[in-house]
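All figures in this text were calculated on a predicted structure; none of them were measured in a lab. Below, all heavy atoms of this structure are taken into account, side chains as well, without hydrogens, waters or symmetry copies. Numbering of residues begins at 1 and proceeds along the displayed sequence.
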Amino acid sequence: MMDKVRRAGILGTGRYVPEKVVTNEDLSAKMDTNDEWIVTRTGIRTRHIAASGEAASDMAAEAGRRALERAGISADQISFMMVATGTPDYPIPSTASIVQEKLGLSHTGAMDISSGCAGLIYGLIIAGGMVSSGMADYVLVISSEMLSRHLDWTDRSVCILFGDGASAAVVGPVPEREGILSFDMGTDGRFWNSIHIPAGGVVQPVSEEAIRNKDIYMKMEGKKVFAWSVRRMKETADISLRRAGLDKKDISLFLFHQANLRIIQCLSEKMGIPMDKIPIELDRFGNTGPASVGIALDEALRKGYIRKGDKVLLDAFGAGFIWSSAVIGF
């Protein structure tokens, strides 16, 4: 154990999206919709969809490899690994155990995190605590979501929103004034069933009736999710900023969960943040669940939008009505 608390931060990131791209025009050929209708309501133009033989663990492993390479950390230096996903390869075992094998991390502990679209930030916060306390030197945090396998592709209110993808980050010791400066996490379980897949668990196992009733697919109360996501994402951002002793003007980029352009525009207005400080990736990738913030972060780093000394706020809200945010210095 360490005698002194260390600062923990992100050393490198990676992301992966499947090769297949589905456009709004592709969807309009299968259902009553069109490009203008989708773009106006969501801001999404394309999304990537996994191949038939691809699994969430495959996407996770590739994103993890790229994060390790970017961080300059070898697999044998990783002390622990987490995979945030709501679409595991199997009910049992954890997807993390499968990813661990694919990455050759047989010496590490590994676990799944099921915290909806806030899962990656939850993982980063947990990893930061492990590194800061000296329990681990380097932790690999991965998020991977393959919701295309859980969508009713005749339901235009839901299927137009989502894409498949994965993102990853290596968390380790960083100098003072860098790293995870503050965070906030919360849950409002009263609304757990506002985003859920009814069948597939022990409450309602998969059956012919469940398939016939389409209970094996994602269900979402769009208006409620929209209103509460804006409210909670604003609140958690304000809390993290206050805990870091910072003002909005001190933040170089706001990386909000990439669910819907209208949600992000509403946050921009309510928080008084110019849109040029909010990178938008959902037009190309759609809502990739917990991977979305990580994909946006990886894109921002690779494009040079984040420079030495910058402070970035990550913010997400998702299924279970779970939210989280973190202020990170680079």
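At most 12 heavy atoms of other shown residues, nucleotides or ligands fall within 6.0 angstrom of atom CZ in Phe183.
Of all heavy-atom pairs between Gly123 and Val141, the closest is O-CG2, 3.7 Å. Ile295 and Arg15 make their closest contact through CG1-CB, 4.0 Å (heavy atoms, listed as atom of the first residue, atom of the second, distance). Considering all non-hydrogen atoms of both residues, Arg47 and Gly163 come closest at CB-CA, 3.9 Å. Contact detail for Gln77 and Gly72: the closest heavy-atom pair is OE1-O, 4.3 Å. Residue Ile195 comes nearest to Met220 through the heavy atom pair CG1-CG, 4.1 Å, listed as atom of the first residue, atom of the second, then distance. For Arg7 against Pro175, the heavy-atom pair with the smallest separation is CG-O, 3.7 Å.
Salt bridge Lys30/Asp26: absent, no basic N to carboxylate O contact under 4.0 Å. Look at Glu235 and Arg232 and you find a salt bridge, because one of the NZ, NE, NH1 or NH2 atoms lies within 4.0 Å of a carboxylate O, short of that distance. Under the 4.0 Å criterion applied to side-chain N and carboxylate O atoms, Glu299 and Lys303 are assigned as salt-bridge partners. In summary, Arg65 and Glu62 engage in a salt bridge, as defined by a charged side-chain N under 4.0 Å from a carboxylate O. Look at Glu178 and Lys308 and you find a salt bridge, because one of the NZ, NE, NH1 or NH2 atoms lies within 4.0 Å of a carboxylate O, short of that distance.
Side chains of Met81 and Val83 form a contact here, defined as non-hydrogen atoms less than 4.5 Å apart. Using a 4.5 Å cut-off on side-chain heavy atoms (C-beta onward), Phe321 and Ser229 make no contact. Looking at heavy atoms from C-beta onward, Ile73 lies out of side-chain contact with Leu140 at the 4.5 angstrom threshold. Contact annotation: the side chain of Leu241 approaches that of Lys248 to within less than 4.5 Å [non-hydrogen atoms, C-beta and beyond]. Residues Leu68 and Ile78 have side chains in contact (heavy-atom distance under 4.5 Å, counting atoms from C-beta outward). Here the side chains of Pro279 and Leu255 are in contact, with some heavy-atom distance below 4.5 Å. Residues Arg149 and Thr87 fail the side-chain proximity criterion, which asks for heavy atoms closer than 4.5 Å. Residues Phe330 and Val312 meet the side-chain proximity criterion, which asks for heavy atoms closer than 4.5 Å.
Under the 3.5 Å distance criterion, the side-chain polar atoms of Lys219 are left unmatched by any main-chain donor or acceptor of Asn193. Remark: the backbone N or O of Ser292 is not paired with any side-chain donor or acceptor of Gln258 at under 3.5 angstrom. Within the 3.5 Å criterion, the main-chain N or O of Ala56 finds a donor-acceptor partner in the side chain of Ser144. Put simply, the side chain of Asp112 gets close to the backbone of Ala96: a donor and an acceptor are under 3.5 Å apart. Looking only at distances, a side-chain donor or acceptor of Ser132 sits under 3.5 Å from a matching main-chain atom of Arg6. Remark: the backbone N or O of Ser252 is not paired with any side-chain donor or acceptor of Asp310 at under 3.5 angstrom. Remark: the backbone N or O of Met59 is not paired with any side-chain donor or acceptor of Glu54 at under 3.5 angstrom. Between the side chain of His257 and the main chain of Ile264, no donor-acceptor pair closer than 3.5 Å is present. Judged by distance alone, the side chain of Arg41 and the main-chain N or O of Trp37 form a donor-acceptor pair under 3.5 Å. Of the possible polar contacts, none joining the Asp137 side chain to the Ser79 backbone as a donor-acceptor pair under 3.5 Å is found.
With 3.5 Å as the limit, one finds a donor-acceptor pair spanning the side chains of Asp89 and Ser57. Looking only at atom types and distance, the side chain of Ser143 has a donor-acceptor partner in the side chain of Ser167 under 3.5 Å away.
Residues that satisfy the side-chain contact (heavy atoms from CB on, under 4.5 Å) test with Phe226, not counting sequence neighbours, are Val230, Arg262, Ile263. Taking Ser106 as the reference, nothing meets the side-chain contact (heavy atoms from CB on, under 4.5 Å) condition, with sequence neighbours excluded. Contacts of Trp153 classified as ring pair (Phe, Tyr, Trp, His ring centres under 6.0 Å), with partners at least two apart in sequence or in another chain: none.
Residue Val139 is tested with Leu124, Val170, Val131 for a side-chain contact (heavy atoms from CB on, under 4.5 Å); the sole match is Val131. The only option from Val21, Thr288, Asp164, Val22 that meets the side-chain contact (heavy atoms from CB on, under 4.5 Å) definition with His48 turns out to be Val21.
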For side chain to side chain contact (heavy atoms under 4.5 Å, CB included), just list the numbers for Leu253 and Tyr305, CA-CA rounded to whole Å, side-chain angles, deciding distance to a tenth of an Å, and then say yes or no. CA-CA 8 Å; Leu253 290 180; Tyr305 297 159; 3.9 Å; yes

